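Working notes for the structure below.
Atoms considered below: every heavy atom in the structure, side chains included; atoms not considered: hydrogens, waters and symmetry mates. As the structure is a prediction and not an experimental result, all values here were calculated from the model.
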Amino acid sequence: MKKFNLILIFALLLALLLCGCAGKGSEPETKEQTDAGQSESDKERGQDSTGEDKAGESSEGQQQPESKEDVSAGNDAAENGKNKKEDGGTATALNPDTVIYAEEEVVTTSSVNVRKAPSTDSEVFQTVARRSEFTRTANDGTWSAVTIDGKEYYIASEFLMLASEVKDNGYLVVIDAGHQAHGSSDLEPIGPGASEMKPRVASGTTGCVTGLKEYELTLMVSLKLQAELEARGYEVKMVRTSHDVDISNSDRAGVANNACADAFIRIHANGSDDSGQNGALTICPTSANPYMGNLYNECRNLSECVLDGVVNATGANRQSIWETDSMSGINWCTVPVTIVEMGFMTNPTEDQNMADEGYQQKLAVGMADGLDAYFGI
């Protein structure tokens with residue numbers, strides 16, 4: 001029994017000795033070690049030993065601000081962000097390899113779409129008329145960034161020109177040399193949504209003495225009118241410049257409509273069973289025209305001005321202004337339009353006059369004078 005007690009006492013002493021050694025192994029850090037540990041922790045949090053946030057760095061829980069390089073890149077991205085638009089999840093931007101940033105005044109050369117991103121797939125913000133003015137901020141040669149109410153939108157660069165380079169007087173005239181070498185008897189509606197049909201286009205009449213075709217005469221005068229108007233500062237668009245074409249009357253109106261013409265001049269010559277008939281007249285719609293009657297006043301005024309100009313320049317007999325809704329080339333118009341009947345090719349004297357280049361120039365000058373009067377130039 002005594003032997004057992006001695007063994008138990010020895011075991012207890014051994015256990016106490018072992019516990020003392022383990023305690024020495026987990027001894028706490030010195031003050032220096034503790035301070036050093038705190039210093040490293042403070043650096044990670046952006047605080048000094050006093051607990052104050054260090055200047056230029058964020059405190060714990062705050063996002064680290066961008067470096068100067070990051071800020072610069074961010075500014076570039078923000079700048080490019082003005083040139084980007086999410087459309088269907090695809091970002092579109094001006095070409096960084098060709099883009100030029102410059103603030104300059106520009107005008108549109110045609111009716112054109114203003115888009116929310118530089119892509120034809122982008123949503124159209126608005127459609128603007130020819131000669132609309134914008135401030136352009138960037139141009140990559142294909143698309144231009146323009147500002148509208150402080151926001152940036154995009155227009156195809158080919159439809160813009162510098163305002164300082166605009167040489168014309170701001171008016172666009174579309175000239176339609178009536179008829180063509182080969183008429184078309186195929187039918188088309190006389191107006192938008194009409195059930196009444198008319199042949200698409202006729203080849204016209206022929207000079208009773210000269211044998212000159214109407215489609216030939218109308219193009220001769222139209223080209224002279226083009227030159228006269230351009231010399232006066234007008235922008236001119238021709239429906240046709242050759243005889244071998246196939247352009248219906250509604251298509252001819254469409255050319256003027258799509259160009260947003262300020263005036264559409266359709267040049268023709270007259271014919272009659274009475275060879276004594278002579279003189280010039282113009283044609284416009286009635287005020288009750290079911291297709292474009294809202295333009296009656298403009299068309300009537302245009303017709304009066306042009307007729308007066310032709311009569312004054314040539315000394316021709318002043319016939320009248322014929323108001324009718326039977327002309328499909330008028331009914332399809334969404335711009336002011338007049339048809340000029342320069343004279344009667346069935347009258348020997350007038351036929352010979354109209355075949356003369358000097359008289360053709362007088363006709364062109366007279367029409368141009370009429371357009372000046374219409375626009376108040």
Side-chain angles (χ1 to χ4, degrees), residues 173-184 199 201-232 234 236-247 249 252 263-283 302-303 305-322 327 329-330 337-372:
V173 176
V174 173
I175 301 172
D176 174 27
H179 303 290
Q180 58 194 35
H182 304 288
S184 172
V201 62
S203 57
T205 189
T206 301
C208 64
V209 174
T210 64
L212 186 65
K213 302 296 184 182
E214 183 180 354
Y215 68 82
E216 296 173 323
L217 171 63
T218 60
L219 185 55
M220 290 175 182
V221 176
S222 293
L223 292 172
K224 289 179 173 64
L225 177 58
Q226 177 187 18
E228 182 66 27
L229 290 176
E230 288 178 342
R232 298 186 186 200
Y234 287 91
V236 177
K237 184 176 182 64
M238 303 292 285
V239 170
R240 71 176 179 96
T241 56
S242 66
H243 302 311
D244 190 18
V245 298
D246 183 17
I247 313 173
N249 287 313
R252 291 166 190 252
F264 183 29
I265 307 297
R266 307 190 63 220
I267 298 177
H268 287 255
N270 226 329
S272 173
D273 292 336
D274 179 3
S275 62
Q277 282 277 4
N278 67 94
L281 63 87
T282 52
I283 304 173
L302 177 61
S303 297
C305 290
V306 171
L307 180 56
D308 288 344
V310 168
V311 169
N312 292 337
T314 63
N317 176 40
R318 189 184 197 279
Q319 283 264 353
S320 64
I321 299 172
W322 178 24
M327 302 293 176
I330 287 179
V337 57
T338 187
I339 296 176
V340 184
E341 297 284 0
M342 301 179 290
F344 285 78
M345 299 189 80
T346 50
N347 179 283
T349 301
E350 210 149 57
D351 176 34
Q352 290 177 317
N353 284 342
M354 289 188 292
D356 179 75
E357 291 217 7
Y359 190 83
Q360 291 174 7
Q361 183 62 35
K362 289 180 180 180
L363 287 165
V365 169
M367 292 180 208
D369 289 345
L371 285 164
D372 283 352

Roughly how far, to the nearest 0.5 Å, is the OG1 atom of Thr349 from the CE atom of Met354? 10.5 Å
Can you measure from CD1 (Ile321) to CG (Leu302) and round to the nearest 0.5 angstrom? 9.5 Å
Taking only residues two or more places apart in sequence, or in another chain, which ones meet Asp246 in a salt bridge (Lys or Arg N to Asp or Glu O under 4.0 Å)? Arg200
I'd like to know if the side chain of His268 and the backbone of Glu341 have a donor-acceptor N/O pair within less than 3.5 Å. no
Using the ring-ring contact (aromatic ring centres under 6.0 Å, His included) criterion, which residues pair with His182? Sequence neighbours excluded. none
Stepwise side-chain contact (heavy atoms from CB on, under 4.5 Å) test for Gln361 and Glu228: CA-CA 9 Å; Gln361 183 62 35; Glu228 182 66 27; 3.4 Å; yes
Could you walk me through whether Arg232 and Leu371 pass the side-chain contact (heavy atoms from CB on, under 4.5 Å) test, one step at a time? CA-CA 11 Å; Arg232 298 186 186 200; Leu371 285 164; over 6 Å; no
When rounded to the nearest 0.5 angstrom, what distance separates CD1 in Ile283 from CG in Leu307? 11.0 Å
Can you tell me how far the CD1 atom of Ile339 sits from the CD1 atom of Ile265, to the nearest 0.5 Å? 10.5 Å
How would you list, by chain and number, every residue that makes a side-chain hydrogen bond (donor to acceptor under 3.5 Å, both in side chains) with Arg318, sequence neighbours excluded? Asp308
So the side chain to side chain donor-acceptor pair (under 3.5 Å) pairs with at least one residue in residues 270-279 (sequence neighbours excluded) are Gln277-Gln319
Any donor and acceptor pair, going by atom type alone, linking the side chain of Asp351 with main-chain N or O of Cys208 inside 3.5 Å? yes
Can you tell me how far OG1 of Thr210 sits from CG of Asp356, rounded to the nearest 0.5 angstrom? 11.0 Å
For Ala313, the side-chain contact (heavy atoms from CB on, under 4.5 Å) test, sequence neighbours excluded, returns none
Going from CG on Asn353 to CE on Met345, what distance comes out if it is rounded to the nearest 0.5 angstrom? 12.0 Å
Run the side-chain contact (heavy atoms from CB on, under 4.5 Å) check on Leu212 and Met220 step by step: do they pass? CA-CA 11 Å; Leu212 186 65; Met220 290 175 182; 3.9 Å; yes
Under the side-chain contact (heavy atoms from CB on, under 4.5 Å) test, residues paired with Val245 that sit two or more places apart: Gln180, Arg240, Ser242, Ile247
Can you name the closest pair of heavy atoms from Ala269 and Thr218 and give their distance? N-CG2, 4.4 Å
Sequence neighbours excluded, the answer for side-chain contact (heavy atoms from CB on, under 4.5 Å) partners of Val236 is Ile175, Gln226, Leu229, Glu230, Tyr234, Met238
Residues 201-223 vs salt bridge (Lys or Arg N to Asp or Glu O under 4.0 Å), sequence neighbours excluded, gives none
Worked verdict on Val239 versus Val174 for side-chain contact (heavy atoms from CB on, under 4.5 Å): CA-CA 7 Å; Val239 170; Val174 173; 3.8 Å; yes
Please enumerate all residues that pass side-chain hydrogen bond (donor to acceptor under 3.5 Å, both in side chains) together with Asp176, with sequence neighbours excluded. Arg252, Arg266
Residues in side-chain contact (heavy atoms from CB on, under 4.5 Å) with Ala181, at least two apart? Tyr215, His243
Lys224: which residues meet the side-chain hydrogen bond (donor to acceptor under 3.5 Å, both in side chains) condition with it, sequence neighbours left out? Gln360
Please name all residues satisfying side-chain hydrogen bond (donor to acceptor under 3.5 Å, both in side chains) with Ser303, sequence neighbours left out, ordered by chain then number. Thr338
